[in-house]
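Please read the structure below before turning to the comments.
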2 protein chains.
Amino acid sequence: MAITSEQIAKLANVSRGTVDRALHNRGGVSPEVSARIKKIAAELGYTPNTAASALARTKKRTTVGIIIPANQNYFFDNMKSGLLLAQEEFSNYGIQLEIFQTYGLDEYNQLKYIEELEKKGMNGLLISPVNTEKIKNKIIQLTENKIPVITLNSDIEKSKRLCYVGHDYYQSGKTAEGMMALINNRKFKLAIITGSTKSLSQSQRVEGFINNAKKRSHDFDIVEICENNDDDIDSYLQTLRILKEYKDLNALYITGSGIYGVVKALKELKLERKICVITFGDLPRTLEYVIEDTIDATICQNVFDQGYVSAKLMFNYIIKNEYPNKDKYYTKIDIRIKENILPNY
Amino acid sequence: MAITSEQIAKLANVSRGTVDRALHNRGGVSPEVSARIKKIAAELGYTPNTAASALARTKKRTTVGIIIPANQNYFFDNMKSGLLLAQEEFSNYGIQLEIFQTYGLDEYNQLKYIEELEKKGMNGLLISPVNTEKIKNKIIQLTENKIPVITLNSDIEKSKRLCYVGHDYYQSGKTAEGMMALINNRKFKLAIITGSTKSLSQSQRVEGFINNAKKRSHDFDIVEICENNDDDIDSYLQTLRILKEYKDLNALYITGSGIYGVVKALKELKLERKICVITFGDLPRTLEYVIEDTIDATICQNVFDQGYVSAKLMFNYIIKNEYPNKDKYYTKIDIRIKENILPNY
DNA sequence: TTGAAAGCGGTACCAG
DNA sequence: CTGGTACCGCTTTCAA
């Protein structure tokens, strides 16, 4: 039988109420009594019964704010599903999610929503932050006000957030290079098409790719790194130009959006089977291109897990005061080729 | 506020006890009253508070039996970790796991352990069954005695088990072929090394591989399908023989164990960089060979998830009477190459 | 600063 | 077959 607060109370010659107040630092307990209680609890290895505490606090509701982008609907819908699944598993704890979505990375609205949530008295925040000074300071301030923050999918260093849950962009860039090397027998002439060199995540994917190729001494030649602004038309035109200019190109590496544009250009020049194409993400259209053999492999970041894991970490922190045991939680890097694209598990 | 059994009791003019008995089919309720209660509950969309029921049943302990192989320690340790994590998440429900491990697929001991568990009064069974008539009948019998059975990692068709949680061996064979085709530009001459053609899972991997190559019209030539009995020495000798016999071989496909033997033979002939090798599993040694470039890719089956998912399904069934909503739960098929082998998340 | 006690929602036993 | 009731372990309010 597990230890109960009742048992601790008896051993410490106090009431259950006092035990509860002491162990949760709710205040109003004399330091000596508190210390005595904590000591006994530690010795016995006391872990509170979560079912009982959930039940006792049913009237209370705790709100967790969520601020994520809304573009690339499918992507963030997936993340939301993960968040909602975690919420469901914790349904008896009366946790309410307040989800706000901004179009693109929008500092102004992120700040606005954070303040709105603060007024509502949120108990924790999950955010995919824009990496700016203002947001960073806001997160620091929340943390100092005892409101835990977890960054999700994008991070801000030194913002004092509880932890980060997301992708390792650098490593996924390396993985893309590893795949390309396997496919092209360690020798390729390629163009890199990135959304914007200013996007940290995308530039990490480029950097990881290049460093891996160098480190492994692959025989590679990057003819160009071009920006498509994550736009399909831009992407289409640039790809067309590149493909015409470099006749012996044998690979394309796409780090962001604009995949449709790339594919359209490839098909127009009837090169879709000749050029090795590696992309990121598992948007339905991307997967279609993998299935029809236009894209050779796409590297995925388990966005669903990101939502699920981050929400669980937040809930456990708020409810059980359980600290995350890592600073960064990286979700797995999945390689999807034609054969292992499956209906979701 | 969520619906409570109290509210239903009032609406149905009965006591909470009767509501509980009716909704859980515990018997001792007249059909009319039971129907009335169920109707009201359904209309209100009643879902019992799991925290409360966990709390109420703290005294009761429910035992779930687990019977899995013990060979390839690392593999099943991983599965056990998943099982234990699920147990921890349900720790307040007083669930006890009774784990038995058999060496190899051992019908005699599986039966013995099942019977032992029955005597102890287990409430559910998770098993990686040997596919024999006796075990099949035993599972049917358990199910008929209201003891739910979930098959884990290996399945028996028509055994009336609640569901199967595991790997899609056929599809993972296809995935292996897909990778090999990418690496060898859709043209390869290979030998297949399998543990035993009698092992269902391994023969499915072979079948999936071959069918995929045919379907996609790859230019392939299988010089031999040989059995190594999952034994390293056997594996070593056979690989050596094959490599000497077929000088223009460019690929090896290993569906089971004996990977060390294959690698030893390859290294001895200094062919480790020249021949494309695809294996299964993420045993530490296998991953080492991937990292050192001897194995090009290894296909993994997320054994941890198998343990976690199956245990959760079992617990939810026993506690909340929640039926699995699929007959087969396939875990993801992961492709691991040098770059996306990461310390576990 | 502390104790006592009333719940939270469901379960199970006993009495009728 | 049904109602009443005493828990399960923790939280919170009220009173001292």
Side-chain angles (χ1 to χ4, degrees), chain A residues 1-38 41 44-62 90-95 123 318-322, chain B residues 1-38 41 44-62 90-95 123 318-322:
Chain A
M1 226 43 208
I3 310 299
T4 68
S5 63
E6 174 81 60
Q7 296 174 41
I8 295 177
K10 273 192 188 136
L11 289 170
N13 282 316
V14 292
S15 70
R16 289 192 296 159
T18 306
V19 170
D20 188 62
R21 284 184 285 258
L23 293 180
H24 294 90
N25 302 310
R26 296 193 216 280
V29 182
S30 79
E32 310 92 79
V33 174
S34 177
R36 178 156 42 104
I37 291 172
K38 283 180 178 172
L44 298 182
Y46 170 68
T47 46
N49 182 314
T50 49
S53 69
L55 190 57
R57 60 197 290 166
T58 32
K59 284 164 298 185
K60 253 196 159 180
R61 36 167 71 189
T62 79
F90 280 76
S91 57
N92 296 123
Y93 291 86
I95 288 171
N123 305 90
I318 295 178
I319 293 166
K320 309 181 197 163
N321 203 32
E322 207 172 281
Chain B
M1 227 44 209
I3 310 299
T4 68
S5 63
E6 172 83 59
Q7 297 175 39
I8 295 177
K10 273 191 190 139
L11 289 170
N13 283 316
V14 293
S15 70
R16 289 195 294 159
T18 305
V19 170
D20 189 58
R21 282 184 287 259
L23 293 180
H24 294 89
N25 302 310
R26 297 192 216 280
V29 183
S30 79
E32 311 92 76
V33 175
S34 177
R36 178 154 43 104
I37 290 172
K38 282 181 178 169
L44 298 182
Y46 170 69
T47 46
N49 182 314
T50 48
S53 73
L55 189 57
R57 56 159 76 202
T58 31
K59 284 164 299 187
K60 252 196 161 182
R61 33 168 71 188
T62 78
F90 281 76
S91 57
N92 296 122
Y93 291 86
I95 288 170
N123 306 90
I318 295 178
I319 293 167
K320 308 180 198 165
N321 203 32
E322 207 172 280

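Both backbone and side-chain heavy atoms feed into the values below; hydrogens, waters and symmetry mates do not. Chain letters run A, B, ... following the sequence lines, proteins first and then strands; every chain starts at 1.
Distance B/Gln7 CD to C/dG9 P: 8 Å, rounded to the nearest Å. Separating the NZ atom of B/Lys320 from the P atom of C/dG10 is a distance of 13 Å, rounded to the nearest angstrom. Between the CD atom of B/Glu32 and the P atom of D/dC1 there is a distance of 9 Å, given to the nearest Å. For A/Lys10 and C/dG3, the NZ to P distance is 14 Å, given to the nearest whole Å. The CG atom of B/Leu23 sits 13 Å away from the P atom of D/dT2 (whole-angstrom rounding). A straight line from CZ of A/Arg36 to P of C/dT1 spans 15 Å, rounded to a whole angstrom. Atom CZ in B/Arg57 sits roughly 18 Å away from atom P in C/dG9 (whole-Å rounding). Look at NZ on B/Lys59: it is 6 Å from C1' on D/dC8, rounded to the nearest Å.
Counting any heavy atom pair closer than 4.0 Å across all strands shown, A/Tyr46 reaches sugar-phosphate atoms only and no base atom. Backbone-only engagement by A/Arg26 is indicated by non-hydrogen atom pairs under 4.0 Å involving sugar-phosphate atoms exclusively. In this structure, A/Val33 reaches the sugar-phosphate backbone alone: every heavy-atom distance under 4.0 Å involves primed, P, OP1 or OP2 atoms, never a base.
Phosphate proximity of C/dG9 to B/Ser53: absent, as no side-chain N or O sits under 4.0 Å from OP1 or OP2. Close to D/dT2, at under 4.0 Å from its OP1 or OP2, lies no side-chain N or O of B/Ser15. OP1 or OP2 of C/dG3 sits under 4.0 Å from a side-chain N or O of A/Thr18. Neither OP1 nor OP2 of C/dC8 sits under 4.0 Å from any side-chain N or O of B/Thr4.
For A/Ala52, taking side-chain heavy atoms from C-beta onward, the closest of the listed nucleotides D/dG3, D/dC10, C/dT1 is D/dC10. Considering only side-chain atoms of A/Lys60, the nucleotide from D/dC10, D/dT12, D/dG3 that sits closest is D/dT12. Here C/dG10 is the nucleotide among C/dG10, D/dG3, C/dC8 with the atom lying nearest to any side-chain atom of B/Asn49. The nucleotide whose nearest atom lies closest to any side-chain atom of A/Ala56 is, among D/dC10, C/dG3, C/dG10, D/dC10.
In this model, no side-chain donor or acceptor of B/Arg21 finds a partner on the base of C/dG10 within 3.5 Å.
Heavy-atom nearest nucleotides on DNA chain C were determined for A/Arg16 and for A/Val29, and the one closer to the 5' end corresponds to A/Val29. The 5' end of DNA chain D is approached more closely, in terms of each residue's nearest nucleotide, by B/Gly27 than by the other of B/Gly27 and B/Leu55.
With 3.5 Å as the limit, one finds no donor-acceptor pair spanning the side chains of B/Ser53 and B/Thr50. Side-chain N/O atoms of B/Asn25 and B/Lys38 include a donor and acceptor closer than 3.5 Å.
Taking the side chain as every heavy atom from C-beta outward, A/Ile319 and A/Ile95 approach each other to under 4.5 Å. For the pair A/Asn92/A/Leu55, no side-chain contact is recorded, criterion being any heavy-atom separation below 4.5 Å from C-beta on.
One N or O on the side chain of B/Arg36 and one on the backbone of B/Ala12 form a donor-acceptor pair closer than 3.5 Å.
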- Message: Is there a side chain to side chain contact (heavy atoms under 4.5 Å, CB included) between B/Thr58 and A/Asn49? Walk through the geometry before answering.
- Response: CA-CA 10 Å; B/Thr58 31; A/Asn49 182 314; 4.0 Å; yes

